[in-house]
*Asks:* 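Before I ask anything, here is the structure I am working with.
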Protein chains: 2
Amino acid sequence: MSAPAIPDQQLRPMRADARRNHERILAAARELFAGEDPGVQIADVAARAGVGVGTVYRHFPDKEALMGELVRERFSIFNTQLRAALGDASQAPFAALSGALRANAEALADDAATRYAMMGGGERAYGYAAAELAEFLSLSRELVGRAHASGELRPDFSEQDVPMIMCGVCATMGKRDAGWEWDRHLDLLIDGMRALPGA
Amino acid sequence: MSAPAIPDQQLRPMRADARRNHERILAAARELFAGEDPGVQIADVAARAGVGVGTVYRHFPDKEALMGELVRERFSIFNTQLRAALGDASQAPFAALSGALRANAEALADDAATRYAMMGGGERAYGYAAAELAEFLSLSRELVGRAHASGELRPDFSEQDVPMIMCGVCATMGKRDAGWEWDRHLDLLIDGMRALPGA
DNA sequence: ACCTGAACACCGTTCAAGT
DNA sequence: ACCTGAACACCGTTCAAGT
């Protein structure tokens, strides 16, 4: 067996300097991916992190893996939000679902680096987040099921529509001079999710 | 003055062989961009078109310009569709707007190459389509205005929301194993666009 | 006028040498 | 164990030579 793809997840703890470098590389990637320049290079990330390029490749097998780690961490935070919505008994089921969508969208709107990774990392970047994606769908399924049971959600809405909505809204965030607002985009979608009053 | 960015639009007509090469390059790009491989190279496009790489660069100043031309042609077709919707007196205004959205989305769903150009061409690719984008917004404004006048459209909907919706739906098309359907995405948005019955 | 493709420049990735 | 950065490979782009 070769080294794990993401040393962060390996069984034995990393040496102190390696752990520090790992965090510095991720922090540098977040700073640079969030910037204006769409052509961020691994050498830039290494320089910003204060390490050699080889060290970046020791921690992340390729550029997509570095982006994939940002995606993975973001879905982990999404899942925390979905669990909070499931655990909050004070909200009606539809409000819990739509509120979780909005909270996740707001977090993503503030995180240009992860949007960069999500939009530009290719399919393989999502592969690194497979476990978190499966958990995301599972939690979505529970929230959607409750909202169906309460009759507030349109009958044909499925848990797959939760990531679909996040993907669509994410694509419209942070476009310069586009002239639109992502939160109104989400308003349209959430209103479209409601069960028809007469049905 | 240097040569125009897109020879297709220059004042004097191209020589017959140049025109044929121009079309062959675009056809090759469409075929390759629509394929599975996300890393299409200019050398691949040139080989498929049966020309040298220098010929590709003679017709398109860089890779983004080649993608931009696909975006430009697509918005030109979008505009034809919007004009048809405006000219069809048999439809109610909301149906004309939502029908045009759906027709354009269906066309885009069948055109993976242009989706590739739209998602991966960067902001500059849209610069090549500036005139068509302005026309798209102008036509959208008229369709949206009519639907507001008839009271069927939610009051805060603006013409900027038309490209926003197209962008969001486009981002969810053609994802392998994503488990969702773009046409249901559009259903949600169109239902969210309706004015509230009680308002 | 336009075409060609070898040459150049740039950037992702590797790996031999170092600590 | 981990780090470094020169070297390599690949691909976008240019340009001198050709038709």
*Asks:* Take atom CZ of Arg19(A) and atom C1' of dC3(D), then tell me their distance rounded to the nearest Å.
*Replies:*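 Rounded to the whole Å, the gap is 17 Å.
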*Asks:* With a 3.5 Å limit on both atom pairs, tell me what dA16(D) is paired to, counting Watson-Crick and G-U wobble, or say none.
*Replies:*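 Because both required distances fall under 3.5 Å, dA16(D) counts as paired with dT4(C).
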*Asks:* Hey, which of these two, Gly54(B) or Gly54(A), hits DNA chain C nearer its 5' end, going by closest nucleotide?
*Replies:*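 In this pair, the answer is Gly54(B).
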*Asks:* For a side chain to side chain contact (heavy atoms under 4.5 Å, CB included) with Leu101(B), tell me which candidate from Leu143(B), Val162(B), Leu82(B) qualifies.
*Replies:*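 Output: one option passes, namely Val162(B).
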*Asks:* Take the protein atom CZ of Arg20(A) and the nucleotide atom P of dC2(D), then report the distance between them rounded to whole Å.
*Replies:*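 Taking atom P of dC2(D) as the reference, CZ of Arg20(A) is at 13 Å.
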*Asks:* Among dT4(D), dA1(D), dC11(D), which nucleotide has an atom closest to any side-chain atom of Gln41(B)?
*Replies:*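 So the side chain of Gln41(B) is nearest to dC11(D).
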*Asks:* Rounded to the nearest angstrom, tell me the gap between atom CG in Leu66(A) and atom P in dT13(C).
*Replies:*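 Spelled out: CG on Leu66(A) to P on dT13(C) is 10 Å.
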*Asks:* For Phe60(B) and dG12(D), give me the distance from atom CZ to atom P, rounded to whole Å.
*Replies:*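 About 16 Å, once rounded to whole Å.
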*Asks:* Quickly work out the Ile42(A) CD1 to dC11(C) C1' distance and round it to whole Å.
*Replies:*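 Going from Ile42(A) (CD1) to dC11(C) (C1'), I get 10 Å.
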*Asks:* Please check the phosphate of dC3(D) (OP1 and OP2 only) for any side-chain N or O of His59(A) closer than 4.0 Å.
*Replies:*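 The answer is yes; a side-chain N or O of His59(A) sits under 4.0 Å from OP1 or OP2.
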*Asks:* Need to verify one output field. Residue with the more 5' nearest nucleotide on DNA chain D, Glu64(B) or Ala18(A)?
*Replies:*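 Mapping each residue to its closest nucleotide by heavy atoms, the 5'-most match is Ala18(A).
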*Asks:* So, is Arg58(A) near the phosphate of dC2(D), with a side-chain N or O under 4.0 Å from OP1 or OP2?
*Replies:*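 So the side chain of Arg58(A) is within the cut-off, an N or O lying under 4.0 Å from OP1 or OP2 of dC2(D).
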*Asks:* Could you give the CZ-to-P distance, from Arg15(A) to dT19(C), as a whole number of Å?
*Replies:*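 Value for this atom pair: 14 Å.
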*Asks:* Return the pairing partner of dC10(D) with a 3.5 Å limit on both distances, Watson-Crick or G-U wobble; otherwise return none.
*Replies:*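 With both distances under 3.5 Å required, dC10(D) matches none.
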*Asks:* Between Asn21(A) and dC3(D), is there a side-chain N or O to OP1/OP2 distance below 4.0 Å?
*Replies:*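 Answer yes for this pair, as a side-chain N or O of Asn21(A) is under 4.0 Å from OP1 or OP2.
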*Asks:* Among dT4(C), dA6(C), dC2(C), which nucleotide has an atom closest to any side-chain atom of Asp17(B)?
*Replies:*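 My answer, after comparing the listed nucleotides, is dC2(C).
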*Asks:* Side chain of Arg115(B), backbone of Ala109(B): donor and acceptor closer than 3.5 Å?
*Replies:*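 Side chain of Arg115(B) to backbone of Ala109(B), a donor-acceptor pair under 3.5 Å: yes, one is there.
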*Asks:* Could you give the OH-to-C1' distance, from Tyr57(B) to dC8(C), as a whole number of Å?
*Replies:*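 Spelled out: OH on Tyr57(B) to C1' on dC8(C) is 13 Å.
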*Asks:* What is the distance, to the nearest angstrom, from the CG atom on Asp62(B) to the C1' atom on dA9(C)?
*Replies:*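 Nearest whole value for this atom pair: 16 Å.
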*Asks:* Output the single nucleotide from dT14(D), dG5(D), dT4(C) whose closest atom is nearest the side chain of Val53(B).
*Replies:*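 The closest nucleotide is dT14(D).
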*Asks:* If you measure only the distance, is there a donor-acceptor pair under 3.5 Å linking the side chains of Ser150(B) and Glu152(B)?
*Replies:*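 There is such a pair (donor and acceptor under 3.5 Å, judged by atom type) between the side chains of Ser150(B) and Glu152(B).
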*Asks:* Between Ser138(A) (side chain) and Ala134(A) (backbone), is there a donor-acceptor pair under 3.5 Å?
*Replies:*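 Side chain of Ser138(A) to backbone of Ala134(A), a donor-acceptor pair under 3.5 Å: no, none is there.
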*Asks:* Please name the pair of heavy atoms, one in Gln160(A) and one in Trp180(B), separated by the smallest distance, quoted to 0.1 Å.
*Replies:*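 Where Gln160(A) meets Trp180(B) most closely, the heavy atoms are O-CE3, 3.7 Å.
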